[in-house]
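Only heavy atoms go into these numbers, but all of them, side chains included; no hydrogens, no water, no symmetry mates.
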Amino acid sequence: MKRFKYIITITAGLILASCHKLAVTPLNILSDNAVFSSATGVTAYFANIYSSLPIEDFKYEQNNGFNQDWQNFYHPGALCGELVGPYGSTYDGAGGFGYWPYDKIRTVNVLIETLPKYASSFTDVQKNQWLGEAYFCRAYFYFALAKRYGGIPIIKTVQSYPAPINELQVHRDKEVDVWKFIEDDLDKAYQMMPETSVRGRANRYVAAALESRAMLYAATIAKYGSANFVAGDARSAGFVGIDASEANAFFQKAIDAAKLLDGKYSLYQKSADKVKNYTDVFLDQDSPENIFVKDYSLPSNTAHSWDATMSPRYMTADGLSRAYPTMEFVERFTSLLITNADGTPKRFTNTGDLMTGLEPRLLATVYFPGATLRGLTFDTQRGLYEHFTGTAAAELSSNPPNQQFRHLSGSTDALFNGKRIIGFTGVSTDGDDKTRTGFYVRKYIDYNKAQADCGLYKSTTSWIDMRYAEVLLNRAEADVELGNTSDALTTINLIRTRAGATLATPGDITVDYIRNERCMELAFEKHYWWDIRRWRIADQILDNTRYHALLPYLVLDENKYIFLRENEPFQRSYTFEKKYYYEPLPGGELNKNPNLYPNNPNY
């Protein structure tokens, strides 16, 4: 019987019987029979597969890969204008990190090929469930590859070792064929799996949700990719890019997959307080909106550091923050009223007064100056003026500002006439550990945790990899692309009702409107970086672009606050080259397999 090297954790009982002999198979080399003849063995095998799924969770870094430790502020949103933050350039993310999980795909293929040989050990229902999960997991790996590289080799069977080198050095497949392969695997998964599953594992509706996402990606790449990408041998051969004629079929498949979840999940609406309700969407373990989640725990040493790294040190036990929502992101929701009709800055008794009347979903997504967390106030302040006259525009047009009596400091200890120049939560100019935009991320922050528990490796909030709101947005986007505006309107208003937002009207339903709704609803959930790439607009919106901040100042002689819309103090510019729509194939893989050439254009 052939043996594979299974790097998995198997119950001790599977191996103890042979421990009394000297001539034994190494304990990390297990026969097919030891793994696939029992539910315990198959379950352990799946644990290895699920743990390696490329879920872009709290610990994911666009430039460094999965399971990165405490620096959870390395967020892809900071590459593209949702946030400003720690990356040095757009290429930090666009260049990728050489993701190439064919060892994991082989592990899945082993299960698909081998499990049927042990079918007599299980019921048909159990066998089909496992095979369905395997197809789901394989599709998940291929989705992660396709959105990075376009066409890559499709390997459906186990490659045996040793083998002639020409059999192992496989060629790339066309991008369109990879997306259709993903579709086929997810269709099989849907057909074979039951309606329910244990938490953290797939069922048929998890497969349908992933298919709605993947088919939307394929559709938009087909529709928008041909007109806005660079030429090259890989494009000419179809390894990157999809013919525009394929777009509508993919859009329809995204809609069909999304509709399979009708009546199976619902938007979270447990609280009448719209701000609290939306905040709790990301904290309630029993949310009816959750489709596929990833859990963490202290005993398993899998806890993350989101609470410690997305909030200021003033409100945490340790860690620091370095990624902050931009003014441009906030302005997706509304134009903040910070100036009077004559252009002079409005005066506020408290910074928190600015939040009055704002959409609840925005307030549940972003911490504004004046908001509170764990009994502490975001006393965010850029500095103070002894007095302020004239318009905001006149002040901001001067470099340096022409106002006399303006005081700035990077230290929270600095005072002027007994008044703190900046707040404990910033804005700071002597480091990156306080906001540079006036805002902090609120989404996924556990406001119930005591400050002492908000330290590195202490957060156990689950990551929601797929939730029902995304499926509705996938459907609405595909709908509007196909002209189904009535269905798109109904779907979008489900989301806006829950958000506490003004309902959309038929005249609102355009591609840009639906995209903006997606950006607002899925903010900081690691979609936007991929969305602007599949929409092929990244090179347009990131064209030596700088982002803005909303910076509060205390006017000392009035004892009032004003807000100025300024360039954020990082002064970082973002540029996206068209070649970045695809990442380069990993150099090490090209060296091992020259049949992977041509590399993606301009690499």
Side-chain angles (χ1 to χ4, degrees), residues 1-11 13-15 17-18 25 27-53 101-145 152-163 167-168 170 173 177-178 180-198 200-208 210-211 214 260 292:
M1 179 180 293
K2 66 181 179 180
R3 286 181 167 84
F4 294 103
K5 184 172 182 179
Y6 300 116
I7 309 174
I8 56 179
T9 302
I10 299 293
T11 303
L14 293 174
I15 58 176
S18 63
T25 302
L27 297 184
N28 64 339
I29 307 296
L30 297 174
S31 69
D32 291 346
N33 184 67
V35 176
F36 295 112
S37 63
S38 72
T40 300
V42 176
T43 299
Y45 195 89
F46 264 117
N48 177 52
I49 294 172
Y50 275 100
S51 68
S52 61
L53 283 184
Y102 278 94
D103 56 335
K104 308 299 190 299
I105 291 170
R106 185 176 192 273
T107 300
V108 178
N109 286 338
V110 166
L111 188 149
I112 291 172
E113 285 191 10
T114 310
L115 184 64
K117 300 174 184 178
Y118 295 87
S120 61
S121 301
F122 312 106
T123 66
D124 286 343
V125 171
Q126 183 65 84
K127 180 194 69 174
N128 286 336
Q129 175 185 334
W130 286 333
L131 287 174
E133 284 187 86
Y135 286 121
F136 165 81
C137 291
R138 189 168 69 178
Y140 204 119
F141 285 117
Y142 271 96
F143 173 66
L145 285 165
I152 32 82
I154 297 173
I155 300 178
K156 303 178 183 180
T157 60
V158 178
Q159 292 177 300
S160 298
Y161 303 110
E167 293 182 14
L168 299 176
V170 294
D173 285 277
D177 293 330
V178 177
K180 289 180 178 180
F181 175 63
I182 293 167
E183 174 199 354
D184 185 60
D185 265 5
L186 292 172
D187 284 343
K188 291 175 183 174
Y190 179 84
Q191 293 160 9
M192 300 180 81
M193 285 191 291
E195 293 191 355
T196 60
S197 59
V198 298
R201 289 181 64 165
N203 58 51
R204 63 171 46 182
Y205 299 118
V206 176
L210 181 59
E211 186 165 354
L260 294 173
F292 190 52

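- A search for ring-ring contact (aromatic ring centres under 6.0 Å, His included) contacts involving Tyr135 returns nothing, not counting sequence neighbours.
- Within the 4.5 Å cutoff, no side-chain heavy atoms of Tyr190 are placed close to those of Glu211.
- In this structure, the side chains of Thr114 and Val35 stay at 4.5 Å or more apart for every pair of heavy atoms.
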**Report entry** Stepwise side chain to side chain contact (heavy atoms under 4.5 Å, CB included) check, Asp185 with Phe136
**Finding:** CA-CA 6 Å; Asp185 265 5; Phe136 165 81; over 6 Å; no
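- Without hydrogens or angle criteria, Tyr50 side chain to Cys137 main chain gives no donor-acceptor distance under 3.5 Å.
- The shortest non-hydrogen separation linking Gln129 to Met193 is O-CG, 3.7 Å.
- Using bins of under 30°, 30° to 60° and over 60° for the plane-to-plane angle, the ring pair Tyr140/Phe292 lands in the tilted bin.
- Distance CG/Asn128 to CD/Glu133: 11.5 Å, rounded to 0.5 Å.
- When side chains are defined from C-beta on, Phe36 does not count as touching Lys117, because their heavy atoms never get closer than 4.5 Å.
- Here the closest heavy-atom approach between residue Pro194 and residue Asn203 is recorded as O-CB, 3.3 Å.
- The CE atom of Met192 lies 10.0 Å from the CG atom of Asp124; values are rounded to the nearest 0.5 Å.
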Query raised in the report: Lys188 and Asp184: salt bridge (Lys or Arg N to Asp or Glu O under 4.0 Å), yes or no, with the steps?
Result: CA-CA 6 Å; Lys188 291 175 183 174; Asp184 185 60; 3.3 Å; yes
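- The CG atom of Leu186 lies 11.0 Å from the CD atom of Gln191; values are rounded to the nearest 0.5 Å.
- For the atom pair CD1 of Ile49 and OG1 of Thr107, the computed distance is 6.5 Å after rounding to the nearest 0.5 Å.
- Interatomic distance, Asp32 CG to Leu115 CG, rounded to the nearest 0.5 Å: 10.5 Å.
- Of all heavy-atom pairs spanning Gln159 and Ile155, the tightest one is OE1-CD1, 3.8 Å.
- Under the 4.5 Å side-chain criterion, counting only non-hydrogen atoms from C-beta, Tyr102 is in contact with Ile105.
- Shortest non-hydrogen contact noted between Arg138 and Val108 is CB-CG1, 3.8 Å.
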Query raised in the report: Passes side chain to side chain contact (heavy atoms under 4.5 Å, CB included), Ser52 versus Phe141? Steps please.
Result: CA-CA 9 Å; Ser52 61; Phe141 285 117; 3.6 Å; yes
Report task. Given side chain to side chain contact (heavy atoms under 4.5 Å, CB included), test Val42 with Phe122 step by step and report yes or no. Result -> CA-CA 11 Å; Val42 176; Phe122 312 106; 4.3 Å; yes
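- Annotation for Ala214 and Ile182: closest pair CB-CG2, 4.1 Å, computed over non-hydrogen atoms.
- Within the 4.5 Å cutoff, the side chain of Val110 has heavy atoms near those of the Tyr45 side chain.
- Atoms CD1 and CG, on Ile152 and Asp177 in that order, are 10.5 Å from each other to the nearest 0.5 Å.
- Summarising the geometry of Ala119 relative to Lys127, their closest heavy-atom pair is CB-CD, 3.8 Å, with the distance given to 0.1 Å.
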Query raised in the report: Given the rule in the side chain to side chain contact (heavy atoms under 4.5 Å, CB included) test, do Arg201 and Thr43 qualify, once you have shown the distances and angles that lead to the verdict?
Result: CA-CA 11 Å; Arg201 289 181 64 165; Thr43 299; 3.9 Å; yes
